[in-house]
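As structure tokens, the structure follows; a few thoughts come after it.
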Amino acid sequence: MAKNRTGNRPDQAVDILERGNIYFFYRPQVQEESAQGLSDVQRFQFVLGPEDKERYRLITVGKKRLPEPEEHNKYWGFVDRAGSTGEQIRDALRGEKYQTATRGERALPAARPAGEGVYALARHGSHTHLVYMLELPKGVGEVQRALNIEEEGSYIISVKNPDVPSQAGLGGERKPGFPPQLRDRFKDQRWIAVDPPDFLDYEGAELLIIGAAEDVGGELDIRLSSEDESESTADVLNEFRLRKSEHPVEPLLKGKWE
């Protein structure tokens with residue numbers, strides 16, 4: 001396990017718990033063929049793919065964007081899908097048609113890739129940080145600005161005790177099936193650090209995401225190693241085998257709405 005020291009808190013070690021790839025997606029509103037701004041976005045999600053195990057976690061962010069790092073906003077989220085193959089995540093990102101009692105058939109558009117990069121989950125004192133660095137697009141575009149996807153960012157991330165009731169949340173029908181060794185870590189606390197990251201492997205796990213900083217290296221002294229990606233090498237297309245005819249890549253490559 002790698003250890004780094006922060007420049008402003010030399011008494012607290014930063015322990016890297018996990019590294020991997022991160023992918024951002026948005027889905028246009030029902031019955032819309034494309035999105036032209038945040039008001040046209042029905043759902044915002046990101047995927048974490050750890051490098052040391054075959055696992056993918058699709059996480060939905062309630063506010064349809066990332067928190068503002070400088071404002072320290074607190075956004076609720078949850079693990080929507082967890083699987084061992086890219087195909088399982090791809091299925092969750094596809095468009096679909098469904099019947100309603102009052103409006104007949106409705107069409108939910110497929111999700112659009114809006115960014116990819118590398119991430120690390122790190123323990124810092126009593127909390128955990130999710131930090132990332134973008135590889136695509138090459139520079140932040142209108143899509144990324146609307147979704148608060150910066151070139152790099154840091155967020156404090158916590159997981160909710162499923163036994164503690166709350167007025168907001170998923171409800172009992174999607175309570176995560178944490179094993180005893182994870183449930184015991186909560187004790188009587190409502191929120192705890194995502195340590196170990198195995199908490200993210202359970203669908204229905206509720207998360208609190210708080211904006212921390214834009215300068216990952218300056219805040220935590222964590223070094224993320226990015227690669228020079230292009231459309232032909234984009235991991236988000238290869239890992240999940242996305243068809244560009246269904247999942248337009250303009251947001252990913254040029255930061256433009258589709």
Side-chain angles (χ1 to χ4, degrees), residues 2 4 6-9 12 14-26 38 41 43-51 56-79 111-125 127-159 191 193-195 197 200 207-229 234-236 251-255:
N4 301 293
T6 61
N8 56 351
R9 293 295 302 277
Q12 289 189 328
V14 177
D15 297 335
I16 304 299
L17 303 174
E18 178 179 282
R19 293 183 183 269
N21 293 326
I22 187 170
Y23 312 96
F24 297 96
F25 296 89
Y26 71 88
L38 189 62
V41 173
R43 179 164 287 190
F44 171 63
Q45 299 172 300
F46 62 88
V47 175
L48 299 180
E51 64 181 15
Y56 298 96
R57 304 90 161 224
L58 177 64
I59 295 171
T60 297
V61 182
K63 290 287 188 179
K64 301 191 298 185
R65 62 195 306 194
L66 289 174
E68 291 277 4
E70 299 302 324
E71 299 296 329
H72 305 296
N73 298 129
K74 298 180 180 180
Y75 286 1
W76 173 82
F78 65 95
V79 178
R112 277 70 164 144
E116 77 166 57
V118 292
Y119 80 91
L121 279 170
R123 182 196 305 116
H124 180 218
H127 55 265
T128 43
H129 281 255
L130 169 65
V131 301
Y132 75 87
M133 178 179 293
L134 275 187
E135 295 174 326
L136 286 174
K138 306 290 187 182
V140 171
E142 58 182 355
V143 170
Q144 290 73 38
R145 284 190 290 271
L147 300 174
N148 281 340
I149 304 173
E150 303 290 346
E151 292 186 356
E152 61 180 59
S154 173
Y155 304 86
I156 296 173
I157 182 169
S158 305
V159 61
W191 298 92
V194 184
D195 182 9
L200 302 176
L207 307 173
L208 187 65
I209 306 169
I210 305 174
E214 295 179 1
D215 182 6
V216 174
E219 185 206 24
L220 296 175
D221 195 27
I222 295 175
R223 301 294 179 245
L224 296 175
S225 178
S226 62
E227 298 180 357
D228 186 18
E229 299 286 3
D235 290 325
V236 68
L252 172 70
L253 301 176
K254 299 183 179 179

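As the structure is a computational prediction, the values presented were derived from the model and not from experiment.
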Run the salt bridge (charged side-chain N to carboxylate O under 4.0 Å, His left out) test against K254 and tell me which residues pass, sequence neighbours left out.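 K254 satisfies salt bridge (charged side-chain N to carboxylate O under 4.0 Å, His left out) with no residue once adjacent residues are dropped.
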
Only counting residues at least two apart or in another chain, list the ones meeting salt bridge (charged side-chain N to carboxylate O under 4.0 Å, His left out) with R57.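 Partners of R57 by the salt bridge (charged side-chain N to carboxylate O under 4.0 Å, His left out) criterion, ordered by chain and then number, come out as E18, D201.
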
Side chain to side chain contact (heavy atoms under 4.5 Å, CB included) involving [X] - partner list, sequence neighbours excluded:
{"X": "P137", "value": "L134, Q144"}
{"X": "E51", "value": "R19"}
{"X": "A234", "value": "E116, L136, V236, L237, L252"}
{"X": "D195", "value": "L17, R123, T128, A193"}

Intermediate values then yes/no, side-chain contact (heavy atoms from CB on, under 4.5 Å), R65 and Y75: CA-CA 9 Å; R65 62 195 306 194; Y75 286 1; 3.9 Å; yes

So that I know where these two stand, are Y119 and Y23 an aromatic pair - ring centroids less than 6.0 Å apart?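 No.
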
Look only at the side chain of [X] and the backbone of [Y], and say whether a donor-acceptor pair between them is shorter than 3.5 Å.
{"X": "H72", "Y": "G211", "value": "yes"}
{"X": "K74", "Y": "I209", "value": "no"}
{"X": "E68", "Y": "N73", "value": "no"}

Working to the nearest 0.5 angstrom, can you tell me the gap between [X] [atom1] and [Y] [atom2]?
{"X": "N21", "Y": "E135", "atom1": "CG", "atom2": "CD", "result": "6.5 Å"}
{"X": "I156", "Y": "S158", "atom1": "CD1", "atom2": "OG", "result": "7.5 Å"}
{"X": "R223", "Y": "I16", "atom1": "CZ", "atom2": "CD1", "result": "11.0 Å"}
{"X": "L147", "Y": "E150", "atom1": "CG", "atom2": "CD", "result": "11.0 Å"}
{"X": "H127", "Y": "L208", "atom1": "NE2", "atom2": "CG", "result": "12.5 Å"}

Take L130 and F46 through the test side-chain contact (heavy atoms from CB on, under 4.5 Å) and record every step on the way to the result. CA-CA 12 Å; L130 169 65; F46 62 88; 4.0 Å; yes

Less than 4.5 Å apart, any side-chain heavy atom of [X] and any of [Y]?
{"X": "V118", "Y": "I22", "answer": "no"}
{"X": "I59", "Y": "L207", "answer": "yes"}
{"X": "H129", "Y": "I157", "answer": "no"}

Parallel, tilted or perpendicular for F24 and F44, by the 30°/60° rule?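 Because their plane-to-plane angle is under 30°, the rings of F24 and F44 count as parallel.
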
L200/V159 under side-chain contact (heavy atoms from CB on, under 4.5 Å): CA gap, chis, key distance, verdict: CA-CA 9 Å; L200 302 176; V159 61; over 6 Å; no

Closest non-hydrogen atom pair, [X] against [Y]:
{"X": "S154", "Y": "V131", "answer": "OG-CG1, 3.5 Å"}
{"X": "Y155", "Y": "L66", "answer": "OH-CD1, 3.6 Å"}
{"X": "Y26", "Y": "P251", "answer": "OH-CG, 3.3 Å"}

Do V14 and I222 pass the side-chain contact (heavy atoms from CB on, under 4.5 Å) test, and can you show the C-alpha distance, the side-chain angles, and the key distance before you say yes or no? CA-CA 8 Å; V14 177; I222 295 175; 3.8 Å; yes

So, T60 and Q45: side-chain donor and acceptor under 3.5 Å apart, yes or no?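 Yes, a side-chain donor-acceptor pair sits under 3.5 Å.
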
Crowded around K138 NZ? As in, over 12 foreign heavy atoms under 6.0 Å?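 Count over threshold, so yes.
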
